[in-house]
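Labels below follow one simple rule: chain letters A, B, ... track the order of the sequence lines, proteins then strands, and each chain is numbered from 1. Because only heavy atoms are used, hydrogens play no part in the values below, and waters and symmetry mates are left out as well, while side chains stay in.
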Amino acid sequence: MRKTPGLTRRDVLTTTLGAAAFTLATRSAAAQETPLADTTKKWGRLPNALGARSPVETPKRTLNLPTSSRTPLQDLHGTITPADLHYERHHSGLAVVDPRTYRLLLHGMVDRPLTFTLDDIKRFPATTRVCFLECAGNFFGTREETTPQDVCGLTSQTEWTGVMLSTIFNEAGAQPRATWFLAEGQDAAVMTRSVPIKEVLRDAMLVYAQNGEALRPEQGYPVRLLLPGIEGNASVKWLRRLELSDQPFMTREETSKYTDPLADGTARQFSLVMDARSIITSPAYPQTIEKGFVEIRGIAWSGRGLIRRVDVSTDGGKTWKTAALQQPVLPKAHTRFRYAWQWDGRPAEIVSRAVDETGYGQPDMTALRQARGRRTRYHLNPVTGWTIAGDGRVRFGVERVRV
Amino acid sequence: MTRLLTIAAALLVATALIAAQSSPKRYGIGTPATPDQIAALDIDVRPDGMGLPPGSGSAREGAPIYAQKCAPCHGANGEGGAGDALVGAAPRDGAPFGPEYERWRNGRPDVPFTIGNYWPYATTIFDYVRRAMPASAPGTLTADETYALTAWLLAKNEIISESEAMNAETLPRVRMPARARFVPDNRKGGSEVR
């Protein structure tokens, strides 16, 4: 387009809209976002290229450096985790990968070893799926001053888009004798996990998008493995290599770590599926509630499929009621539950317990310790609750998880 | 008769359609990987020794490398620091969990999980150290250095002798004390807590 000296399109707009609007539109972003006493008497800022949260809403991940950051479960509604609030667990920091030089290598027990560019991967038929991703080490609870984020903020939910892993395997001609594959990332840990093919192939994807946009760097940009229902560590980020094999590789993360030493002296290996779990996210520490109507809200999920039921107790587990589940209930996905409660002002303990489609009921810590012993560290999914004092103050129920 | 034929033909077409839909389809996307491209990335080592490179090293050779490159984070004797504890043979022929351990411990403080009392495969040490350690400069160790460090860690954990050389033949043959304790996942949903 040719630039005409004199009257530009911008001048015309300015004149049409008037000086007030123009001034607003050109003011600094901070000033534009300041709440006005009467928003009806003054034009607000005009559309801009990139949105931002209300400056009053400041949900934040909490940090446990150098390894992880946790999702503020208590600040979220519905079931989707905003991409910038998805939990992180990196073993050697995050890798910044150039999408233009990115390559994925697929080799081992395949007829045709192949490399794929990012564009190649995006050309395959695409699939979108909503599911949770949870770190295997997602339980903390030794203090009353503990928020839902602290208790189990290493779980997040995303609408992922990518290609089915089976499509990629088929493209390379995966051999029938191949029963495992190695997934390797290109971070400084060169993270590796062995994954049993039969157990995951129906669900496994290579994903390049998160809630509609490209993956965040901290979620493995440009491509990560996604294994719905399975401990997060196996969904290798910054994926650079897949190798098919007839046996597992026994990497450090499936031997020294992420295994479950049990009460009987054996150690469970490849305990990949995340068992059913729930947490009440409101009311929770550090809230203070008022007498009268309180909607108890939370999320429940199971790596084995659908959440069938969530039971809620308001008397510390003596009696249980069934919570309402927000539809649609999706398999291997955070499911929102709600329970309408009238608080009479007396001390109480509110507790939730998830049941999944296999009939598995979320266990108490005592049952877990009985089955697994004292030194097991991963895959802990105990029933948790919140105590409510007469003054309405809510605290984490430490007694319930103490052993 | 004609009707039967028509039905038969229709069935055939239907079967063919289903077959076409479900039969593996290739899209012709991707580039054949060359042996060089594979070799450049294929650094993993399996328990059967697949992937171990040429080279060799003993604990004696490993000691000065460990002191220089590993001790700052893992302690002079592998007792742990910023990085995990790497050495700890006790409980001998046991593991740091389970009923025998509780009897052995007899109320004393817990011992950490280490290569000596928990790691099921010796090849994992080589694989992990080569790819991820030292954490301050991952991926910088030579094959000989990695063998020597692996040997040092195995000797300190009282699994091999100071003089035994680790290489592509000997490393996969090392039996780790905790090996037999590892069992596959036996959880399967349903009402039982495991």
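Interface remark: A/Arg123 contributes backbone and side-chain atoms alike to the contact with chain B (heavy atom separation under 4.5 Å). In this structure, chain B has heavy atoms under 4.5 Å from both the backbone and the side chain of A/Ala188. Looking at A/Ser271, the atoms closer than 4.5 Å to chain B (heavy atoms on both sides) sit in the backbone and in the side chain alike. Looking at A/Glu243, the atoms closer than 4.5 Å to chain B (heavy atoms on both sides) all sit in the side chain, from C-beta outward. Of the two parts of A/Thr117, neither the backbone nor the side chain holds a non-hydrogen atom closer than 4.5 Å to a non-hydrogen atom of chain B. Looking at A/Ile168, neither its backbone nor its side chain comes within 4.5 Å of chain B, counting heavy atoms on both sides. When heavy atoms are compared at a cutoff of 4.5 Å, B/Ile115 does not approach chain A at all. At a 4.5 Å heavy-atom cutoff, the contact between A/Leu114 and chain B is made by backbone and side-chain atoms alike. Residue A/Pro125 touches chain B through its side chain alone, counting heavy-atom pairs closer than 4.5 Å. A/Glu357 does not touch chain B: none of its heavy atoms, backbone or side chain, sits under 4.5 Å away. For chain B, the nearby part of A/Asp260 is the backbone; its heavy atoms alone come within less than 4.5 Å. Contacts of B/Glu102 with chain A are made by side-chain atoms alone, with heavy-atom separations under 4.5 Å and no backbone atom involved. For A/Val355, no part lies near chain B; criterion is any non-hydrogen pair under 4.5 Å. Looking at B/Tyr121, the atoms closer than 4.5 Å to chain A (heavy atoms on both sides) all sit in the side chain, from C-beta outward.
When each of A/Thr255, A/Thr376, A/Asp264 is scored by its heavy-atom pairs under 4.5 Å with chain B, the top score falls to A/Thr255.
Atom CZ of A/Arg241 is separated from atom CG of B/Asp42 by 4.5 Å, given to the nearest 0.5 angstrom. Atoms CZ and CD1, from A/Phe124 and B/Ile29 in turn, are 4.0 Å apart once rounded to the nearest 0.5 Å. Note: B/Met50 CE to A/Phe249 CZ = 5.0 Å, rounded to the nearest 0.5 Å.
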When you look at A/Arg268 and B/Asn186, which way does the side chain to side chain donor-acceptor pair (under 3.5 Å) test go after all the steps?
CA-CA 8 Å; A/Arg268 189 154 55 205; B/Asn186 64 350; 3.0 Å; yes
Does the pair A/Glu253 and B/Tyr128 meet the rule for a side-chain contact (heavy atoms from CB on, under 4.5 Å), with working shown?
CA-CA 9 Å; A/Glu253 314 301 342; B/Tyr128 181 72; 4.1 Å; yes
Using salt bridge (charged side-chain N to carboxylate O under 4.0 Å, His left out), reason through B/Arg194 and A/Asp275 one step at a time and then give a plain yes or no.
CA-CA 10 Å; B/Arg194 293 183 182 226; A/Asp275 276 325; over 6 Å; no
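Looking at A/Gln269 and B/Asp185, their side chains never come closer than 4.5 Å, going by heavy atoms from C-beta outward.
No side-chain donor-acceptor contact under 3.5 Å links A/Thr266 to the backbone of B/Val183.
For A/Arg252 and B/Asp84, the salt-bridge test passes: some basic side-chain N is under 4.0 Å from an acidic carboxylate O.
A cation-pi geometry, defined here as NZ or CZ lying under 6.0 Å from the six-membered ring centre and within 45° of its normal, does not hold between A/Arg374 and B/Tyr101.
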